[in-house]
Structures are given as C-alpha cells and as structure tokens.
Amino acid sequence: MYKNLILLGSTGSIGTQSLDVVRKYGINVVALSAHKNVKLLEEQIKEFKPEYICITDIETANNFEEKAKELGVELFKGSEGTQKLAQLDGYNDIVVLNAIVGIAGLKATLAAIESGKDVALANKESLVTGGKLVMEAVKRNNVKLLPVDSEHSAIFQCLQDKNSAPSLKKILLTASGGPFFGYTTQQLAEVTKEQALKHPNWSMGSKITIDSATLMNKGLELIEAVWLFDVEPKDIQIVVHRQSIIHSMVEYSDNSVIAQLGTPDMRIPIQYSLTYPQRMESNAAGLDFFAVKDFTFAPADDDTFLCLKAAKEAIAKGGLYPCAVNGANERAVELFLNDKISFLDIGKAVYGVLERFDFKDEYTIEDVFNADKMAREYVDSIFNI
Ligand code: NDP
Ligand code: MG
C-alpha cells in the first residue's frame with residue numbers, strides 16, 4: 001500500500017470516494033486539488049491536513065488566499081498548479097491519484113509520470129487525448145500506471161498471470177448500457193437532461209453520467225483499454241451487462257474466460273489501485289449472488305448511439321482522432337447540461353468532427369491541445385454558438 005497520496009480532483013465523485021479509502025487506511029494526504037468547490041475542500045483540509053492544495057479556477061483561488069494561510073496550507077493556482085502538485089519532491093512511496101474530469105487532467109498525469117511517480121488513473125481522458133505521450137512517458141520513467149476505472153481495474157486483475165499474457169485472445173469490456181438501453185433514435189429524440197442524469201447502477205459526476213447515457217463513456221473506455229493493455233481495437237468486444245456485476249473479462253486462446261466481479265462500488269477499484277498488489281478489507285458491500293436476479297448480456301447498439309461509433313472509428317484511424325472526438329464530446333456535454341442542445345445533438349457533434357479534420361499519427365502535446373480546441377470550435381460552429 002502506498003504511504004503518501006497526492007489527490008487531484010478531491011472534491012468529485014471519485015475524489016471523495018478515494019478519501020473514504022484513505023480514511024480507512026490512514027494514508028498520508030500530501031496534497032489535494034479542486035476546481036471551485038472550496039466549501040468541501042476546506043472540510044477536507046481540516047480532516048486530512050495536506051501540506052499543499054491547488055484550486056484550478058483562478059478567481060476562486062484568489063478569494064481563498066487568506067483562508068489557506070489561516071489553515072496553514074500552501075496554495076497553488078490554476079492548471080499549472082496541479083502540475084506542480086504532481087511534481088512535488090521529497091516523498092517516498094507516493095502515488096498521484098488523478099480524479100480530475102476531462103482533458104484538464106492530461107498535463108498533471110504527464111507531470112506526475114515525468115517526475116517519476118506512480119499514477120492511479122481515473123482521468124480516462126488523459127489516455128484518450130494523449131495516449132501515445134502518456135504511455136511513452138510511462139516506459140521512459142519506468143513508473144506504474146494503475147487503472148481506477150472499474151472495467152480497466154477488472155481487466156488488469158484478470159491479466160495478472162503474466163505467463164498467459166501472450167495467449168490473450170480478446171478483452172470483453174462490459175457496459176451497463178446506461179438509462180436508455182434499447183431506445184430507438186426516435187425515442188432518444190425525446191429524452192430530457194433529468195432522465196440522462198439518472199444512471200441505473202452508478203452514482204458519478206455529471207459529465208461521466210451523460211457519457212454513460214450516450215455510450216461515449218464506453219467509447220472512451222475502449223480507447224483507454226487500447227493504450228493501457230497494448231491491444232488492437234478489434235480485439236476488444238463491448239458486452240452490455242445491465243447489472244454491472246461483472247466489471248470486465250478476458251478470453252485466452254484456449255477459450256477460457258476470466259472475469260472480475262463485485263458490487264458496483266468504485267471504492268473497490270480505487271482501493272486496489274492504492275493497495276496493489278495487496279488485497280485488503282473494504283468498506284464496499286460484498287456480493288450476494290442469491291440477491292442477483294438477472295444476469296444478462298447483449299451487444300451495444302452503435303448505429304443508434306453515434307458517440308460509441310465515433311469513438312470506435314477514431315481509435316481505428318489513430319493519431320489525434322480520439323482527442324478530437326473527446327474534445328467535441330466535452331463541449332457538447334457542456335452545452336447539453338446548459339440546455340443549449342438536445343441529447344441527439346451530442347452524437348451528431350461527436351460523429352461530425354471525425355470528417356472535419358485530418359490528423360497525422362505523430363503528435364506533440366501542443367498538437368493535442370490544438371486538436372481539442374479545433375474540435376470545440378467545430379461544435380460551437382454547427383450549433384451557431
Ligand atoms: P466529478 O465531476 O464528480 O469531479 C471532478 C473533479 O475535478 C472535482 O474535484 C472538480 O472540482 C475537478 N475539476 C473540474 N473541472 C476541473 C478543471 N478544469 N481543472 C481541474 N480540476 C477540475 O467527476 P468524477 O469524479 O465523476 O470523474 C472524475 C474522472 O474519473 C473522470 O475522468 C471520469 O471519467 C473518471 N471516472 C469516474 C467514475 C465515477 O464513478 N465517478 C468511474 C470511472 C472513471 P470541483 O468539485 O471544485 O468542481
Ligand atoms: Mg468505467
């Protein structure tokens with residue numbers, strides 16, 4: 001188990017659940033970051049006594065300066081601040097858990113890796129937007145990249161027998177199907193924001209909840225798995241499993257399938273990323289098989305859910321196409337949450353961006369942020385914003 005933790009995005013759904021694990025095991029919190037929610041951040045500072053904090057929204061950070069002095073913590077500001085936290089020196093046995101939402105987490109992931117720290121990654125957008133840069137940095141710095149996303153934690157656990165790795169046939173990435181499983185395009189035209197924000201099995205931040213309703217989340221996870229496990233997109237099959245009990249599976253060449261199961265509680269994969277390779281007692285409930293009534297499997301409908309289709313095509317094309325679909329999605333979800341566009345418009349924007357730009361296979365960090373910007377501008381242009 002890691003002794004020291006830098007937790008980025010501590011006020012979010014993953015952030016607060018991570019602190020629940022930290023509370024149980026008394027891991028030392030070196031630093032915390034939030035964007036705007038200083039009320040919760042202040043409570044966390046009082047309880048976990050970090051030495052450093054970062055507030056990424058500059059105005060909120062400026063207003064918090066006096067308070068930070070009073071609380072005796074050093075305050076960093078802005079997105080550069082999260083990179084400085086990720087690069088803090090002087091601690092052994094330390095991990096950076098990145099639970100920031102969106103491409104806003106990418107530079108901090110890279111900064112942590114470049115400073116030689118292991119990273120527990122919830123921020124899947126780091127791998128979707130800059131997967132090549134992240135994985136090259138992991139190799140160069142010889143650090144661990146531990147998945148927090150439940151499906152990827154499951155796959156990671158199913159792949160632990162390194163001797164059988166060469167005979168891996170495929171990854172079966174499970175999906176809940178979200179609140180609109182089985183809906184037709186016509187039915188999707190009618191859905192509201194409130195319906196989209198109600199996930200059947202998981203309680204999560206608003207952006208990933210919408211991503212789960214559009215199936216963009218599964219598309220992002222497919223791309224995340226390609227990078228994490230070094231597999232071809234064609235060797236990952238998406239399986240809709242409505243109950244979210246099997247968190248993913250792997251199939252070997254002898255047709256043996258290994259699955260990881262558990263209650264849908266993110267504290268299980270979060271804890272495993274912090275205690276790996278040890279398994280320790282958890283606050284999450286155990287799985288009662290007799291309480292599980294149905295156990296179902298179905299294909300995902302990517303003709304209807306265009307975000308998933310776009311993500312599949314983007315990773316097949318390579319280069320910065322995944323970054324572009326991610327940027328279009330981040331902007332479209334923001335517009336949807338602000339009642340500016342409809343549910344189906346999200347898919348239209350994300351699929352549309354694929355045809356719009358030409359990207360090479362090689363790219364730099366500047367290229368990543370340019371592609372993201374172009375994708376967001378494209379979305380605004382099609383909706384006249
Ligand atoms: P939340 O929206 O609940 O939390 C996001 C966190 O990031 C908050 O601490 C927020 O601060 C901070 N933040 C928001 N905007 C910025 C920004 N521009 N720069 C820096 N920090 C920012 O998200 P989740 O916890 O649901 O998700 C976090 C990540 O984990 C996402 O990448 C998601 O895909 C992934 N994930 C989440 C799962 C879940 O169950 N929630 C499951 C698997 C993966 P503030 O609160 O102050 O706004
Ligand atoms: Mg997931």
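Whatever order the structure lists ligands and atoms in, that order sets their numbers, starting from 1.
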Restricting to N, O or S atoms, which atom of [X] is closest to the Mg ion (ligand 2)?
X	result
E151	OE1
E221	OE2
D149	OD1

Measure the distance from [atom] to every protein heavy atom, then report the residue, atom name and distance (to 0.1 Å) of the closest one.
atom	answer
atom 43 (C) of ligand 1	D149 OD1, 3.1 Å
atom 29 (C) of ligand 1	I100 O, 3.5 Å
atom 45 (P) of ligand 1	T11 OG1, 3.3 Å
atom 6 (C) of ligand 1	A99 O, 3.5 Å
atom 38 (C) of ligand 1	I14 CD1, 3.4 Å
atom 34 (O) of ligand 1	K124 CE, 3.2 Å
atom 26 (O) of ligand 1	G205 N, 2.9 Å
atom 20 (C) of ligand 1	T56 OG1, 3.3 Å

*Once the angle between the rings of F297 and F295 is folded into 0 to 90°, is it parallel (under 30°), tilted (30 to 60°) or perpendicular (over 60°)?*
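F297 vs F295 ring planes: perpendicular.
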
_Over 60° means perpendicular and under 30° means parallel, so tell me whether Y52 and F76 are parallel, tilted or perpendicular._
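Correct class here is tilted.
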
_Closest to atom 22 (C) of ligand 1 (judged by heavy-atom distance), picking from Q17, K36, H35_ = H35

*Same cluster or not: are L32 and L40 linked, directly or through other Ile, Leu, Val, Met, Phe, Trp or Tyr residues, by side-chain heavy atoms under 4.5 angstrom apart?*
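No, separate clusters.
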
Report the part of [X] (side chain from C-beta onward, or backbone N, CA, C, O) that has a heavy atom under 4.0 Å from ligand 1; answer both or neither where that applies.
X	value
S206	neither
A122	both
N37	both
I208	side chain
M266	side chain

_When you compare the side chain of P50 with that of I45, does any pair of heavy atoms fall below 4.5 Å?_
yes

Taking atom types as modelled and ignoring hydrogens, do the side chains of [X] and [Y] form a donor-acceptor contact shorter than 3.5 angstrom?
X	Y	result
N338	E334	no
N63	T60	no
N217	K124	yes
T109	N98	yes

*Short N/O distance, under 3.5 Å, between G102 and ligand 1?*
no

_When you compare ligand 1 with S203, is there at least one nitrogen or oxygen pair between them that comes in under 3.5 angstrom?_
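There is no such contact.
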
Pairing of [X] and [Y] as salt bridge, 4.0 angstrom limit:
X	Y	value
R376	D380	no
E136	K132	yes
E43	K46	no

*Does ligand 1 have an atom that lies less than 4.0 angstrom from a heavy atom of K207?*
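It does not, in that no heavy atom of K207 comes within the 4.0 Å cut-off of ligand 1.
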
Numbered atoms and elements of ligand 1 in range of [X], under 4.0 angstrom, heavy atoms:
X	answer
N123	32 (O)
A104	17 (C), 18 (N), 19 (N)
E125	31 (C), 32 (O), 34 (O)
G12	1 (P), 3 (O), 4 (O), 8 (C), 9 (O), 25 (O)
S10	9 (O)

*Could you give the distance from CG (L274) to CD1 (I27), rounded to the nearest 0.5 Å?*
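Output value for this atom pair is 5.0 Å.
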
*Any cation-pi pair here, K107 with F369, using under 6.0 Å and within 45°?*
yes

*Does the ring of Y321 carry K317 above it, NZ/CZ under 6.0 angstrom from centre and within 45° of its axis?*
yes

*R356, CZ: over 12 other non-hydrogen atoms inside 6.0 angstrom*: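 Incorrect, the count does not exceed 12.
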
